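A quick write-up on the structure given underneath.
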Amino acid sequence: MSHESFPTENPAVVTCGLPYANGDLHVGHLRTYVGGDAYARALEKLGQATAFVSGSDMHGTPVAVNAWREGVSPEEFALRHHEKYAETFPEFDVEFDNYGHTREETNVELTQDFVRELDDGGHIYEKEIEVAWDPEEDQPLPDRYVEGTCPYCGEHARGDECDEGCGRHLEPGEIENPTSVITGNPAEYRTREHEFLRLSEFQDYLGEFIDRLDGTANARNQPREWIEGELQDWCITRDLDWGIEYPDEEDLVLYVWVDAPIEYVASTKQYSERVDTDGYDWEEVWQDEGEIVHIIGRDIIQHHTVFWPAVLHGVGYNEPRSVMASGFVNLDGKGFSTSRNRAVWADDYLDEGFDTDLYRYYVTTGTGFQQDVDFSWERFAERVNGELVGTLGNFCYRSLLFAHRNYDGTPDSEVSAEIEERIEDAIEDFGDGVDGYSVRAIGQVPVELAQFGNEYIQGHEPWKLDDPERGTVIRDCVQLVKAIAVLAEPVMPSTAERLWSQLGESGSVHDATLDAALDAPSANFDAPEELFEKIDDDRVAELNEELEAQIAAASEDGADDTADEAGSDDAAEPAVDLPALADERIGFEAFQDLDIRVGEIELAEGIEGADDLARLEVDLGVETRQVVAGIKQLHGLDELPGTRVVVLANIEKNELFGVESNGMVLAAGEDADLLTTHADSVPGTKIR
RNA sequence: AGCGGGAUAGGAUAGCCAGGAGAUUCCGGCGGGCUCAUAACCCGCAGACCGGUAGUUCAAAUCUACCUCCCGCUACCA
């Protein structure tokens with residue numbers, strides 16, 4: 001690593017990517033915040049002065065569009081989500097020192113200061129660009145205010161991205177038949193003056209910066225393509241009412257990605273003002289010497305490793321020490337989809353009554369931070385039952401119970417050297433976890449210690465011993481429990497707190513630093529309680545049924561199948577309506593070119609190595625064809641033979657996973673709802 | 001298409017940056033033990049030649065090149 005180990009003399013600031021005030025939070029989003037919270041707590045355990053801040057991202061086109069759709073003001077719309085987020089995070093023990101939002105005065109002022117400073121430094125220039133316009137309403141239509149037809153694939157698309165078809169990014173002016181989302185009027189393109197940041201000037205600086213940057217590998221490497229290639233200047237204004245005004249320009253607002261990261265600074269400033277600069281000095285961290293750690297979803301790496309450091313450098317601020325970019329959370333192996341309601345929502349998790357530490361532990365220790373992690377109730381129960389109930393909970397409970405019954409607390413004896421060393425090793429592992437930006441490693445430390453404790457108590461069998469030998473063993477075990485409480489605090493704060501009070505300790509485990517792990521435990525404590533409850537198989541089945549029912553209900557509502565990424569900072573996508581019917585008409589001749597036949601499935605088997613491909617043999621009357629279809633996971637393959645289907649017979653042959661596909665089985669939607677016939681047309685019948 | 005991340009026992013994961021003893025841990029399987037503990041815990045056994053190919057090296061899961069497959073990013077979406 002290119003920086004000094006933690007703790008350093010400087011204050012640190014840990015930030016979490018701003019959630020976009022546009023939807024509800026699910027357990028995928030929460031991963032980044034739990035990781036950030038755990039990391040900030042771990043720094044504090046090391047004795048590092050740390051501020052942990054974030055805030056809601058209130059501006060931008062999606063908020064404006066969705067507010068308009070709901071018929072409320074953007075302010076009201078965004079604030080509602082902001083308040084919900086501010087309430088939800090603490091419920092998952094994500095305790096920001098300050099959680100603000102980008103619309104607050106502190107951020108507005110600071111943002112305008114930044115922009116003036118950049119302008120004074122000659123980093124900004126004006127340039128004319130093409131912008132979509134609604135001529136009837138005389139209103140600009142940035143970004144998502146426009147929809148039309150994708151010039152590449154012909155699908156219905158948003159102005160900025162072909163979201164339903166090929167997924168390509170679209171430049172302004174590229175989309176065909178542009179119309180206004182607001183009025184449905186045809187849109188035209190006009191020339192407008194916009195402000196640009198001379199990003200290209202920062203190329204050399206950024207090249208050095210990226211080599212110094214710590215954090216996860218993806219954050220260091222992904223921006224290289226840009227930084228080591230050719231940087232384009234960055235348009236930092238929008239024609240929009242909703243946003244922070246560009247200084248001295250009435251009809252331009254700043255692009256959200258300018259004011260959003262400045263909220264990191266603004267939020268720190270608010271914290272600083274609240275605790276007084278003696279407690280924490282925001283200017284020291286951001287402008288002088290400080291450890292800036294950004295924790296984000298991996299979908300916004302470029303913003304934090306290219307745009308943002310350039311802005312900071314441009315105004316003469318500190319640069320980030322590290323960027324930790326988290327992987328996504330998948331649900332049973334597939335991405336969350338908010339529009340299909342294929343998600344475990346934050347509120348639903350809480351309503352099930354599970355301790356938030358279970359989720360926190362699961363999501364931080366399941367894989368490395370930058371790797372995607374799969375969420376399933378089975379796996380959740382498995383890890384809770386094995387690692388938390390069986391290993392950690394059990395060791396603490398049996399130790400404290402034994403100690404309480406026989407000694408009314410901690411036996412009067414010295415800790416053995418072996419145990420002291422083992423705890424010192426654990427503390428070292430913990431520190432390595434912090435320096436290595438691995439919340440996973442941090443979270444594993446207490447469980448590994450408990451595992452060691454179980455081996456230790458089992459190996460010494462204190463229930464067969466008499467004092468003083470018995471007392472020594474139990475004394476050691478109690479010490480281990482105390483160390484576990486301290487070391488578990490970052491990832492499992494509420495569990496640590498419960499343990500702390502079971503140990504009869506005074507004060508808060510949240511304020512304890514690592515050396516407390518070796519301090520003598522209190523002489524007396526009450527009978528402990530079990531830390532975690534097992535989740536039985538019936539409960540898992542119930543949870544899965546609820547989830548399936550929830551997804552099924554959503555698909556009946558006709559929601560589309562836009563899958564959005566989990567774990568990203570952006571909150572829920574708006575529920576988009578079904579794509580509009582195609583405008584472009586085709587002739588009857590074009591239809592006649594399609595040879596569509598009734599077929600009957602004779603055989604269906606999965607293709608090895610493919611997740612959802614199945615090899616089918618389909619009787620088309622005149623001959624039997626081999627067809628590969630992406631339906632393996634969506635249908636019981638055993639039930640398919642005998643099913644009448646509709647087959648496009650003259651599609652060109654294709655080879656998938658080494659299996660030739662000679663025809664195409666027609667199906668509806670993402671769930672591959674197979675088309676069949678209503679009466680009893682025989683195989684081979686032509687569809688016309 | 002380019003770039004980034006990933007591919008490790010039946011399943012899930014660590015190790016890779018700083019190459020080195022027949023590769024970590026969890027679940028599952030098999031066989032023991034214990035009874036303080038939430039039928040929890042402990043010990044032992046079986047099981048992977050670390051996606052493929054070719055290199056570098058005394059030595060490669062780890063470094064290099066190419067290839068295959070998954071996921072993501074690609075700048076006026078946040």
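Chain letters run A, B, ... following the sequence lines, proteins first and then strands; every chain starts at 1. This structure is a prediction, so every number in the text was calculated from the model and none was measured.
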Using only heavy-atom distances, decide whether a donor-acceptor pair under 3.5 angstrom links the side-chain of Glu225(A) to the base of rG2(B).
-> yes

Can a donor-acceptor pair under 3.5 Å be found between the side-chain atoms of Trp257(A) and the base atoms of rA78(B)?
-> yes

Using distance alone, with no hydrogens and no angle criterion, decide if [X] and [Y] have a side-chain donor and acceptor under 3.5 Å apart.
X: Thr495(A); Y: Arg498(A); answer: yes
X: Tyr437(A); Y: Ser322(A); answer: yes
X: Thr365(A); Y: Arg383(A); answer: yes

Any sub-3.5 Å donor-acceptor pair from [X]'s side-chain atoms to [Y]'s backbone N or O?
X: Thr472(A); Y: Pro468(A); answer: yes
X: Tyr397(A); Y: Pro528(A); answer: no
X: Asp134(A); Y: Ala187(A); answer: no

In whole Å, what separates the [atom1] atom of [N] from that of [M]?
N: rG10(B); M: rU74(B); atom1: P; value: 37 Å
N: rA7(B); M: rU62(B); atom1: P; value: 11 Å
N: rC3(B); M: rU8(B); atom1: C1'; value: 25 Å
N: rC16(B); M: rA78(B); atom1: P; value: 38 Å
N: rG52(B); M: rG72(B); atom1: C1'; value: 23 Å

Contact letters for nucleotides 40-45 of chain B, in which S counts primed atoms plus P, OP1 and OP2 and B counts the base, heavy atoms under 4.0 Å | SBSS--

Is [X] near enough to [N] that one of its side-chain N or O atoms lies under 4.0 angstrom from OP1 or OP2?
X: Arg298(A); N: rC71(B); result: no
X: Tyr255(A); N: rA78(B); result: yes
X: Tyr397(A); N: rU38(B); result: yes

Which part of the nucleic acid, if any, lies within contact of Glu448(A), taking any heavy atom under 4.0 Å across all strands shown: a base, the sugar-phosphate backbone alone, or nothing?
-> nothing

Bracket string, RNA chain B, 5' to 3' - pairs by Watson-Crick or G-U geometry under 3.5 Å, | interstrand | (((((((..(((.......[....))).(((((.......))))).....(((((..]....))))))))))))....

In this structure, OG1 of Thr237(A) is separated from CD1 of Ile244(A) (nearest 0.5 Å) by 13.5 Å

Phe402(A) over rC36(B), stacked by centroid distance under 5.5 Å, angle under 30° = no

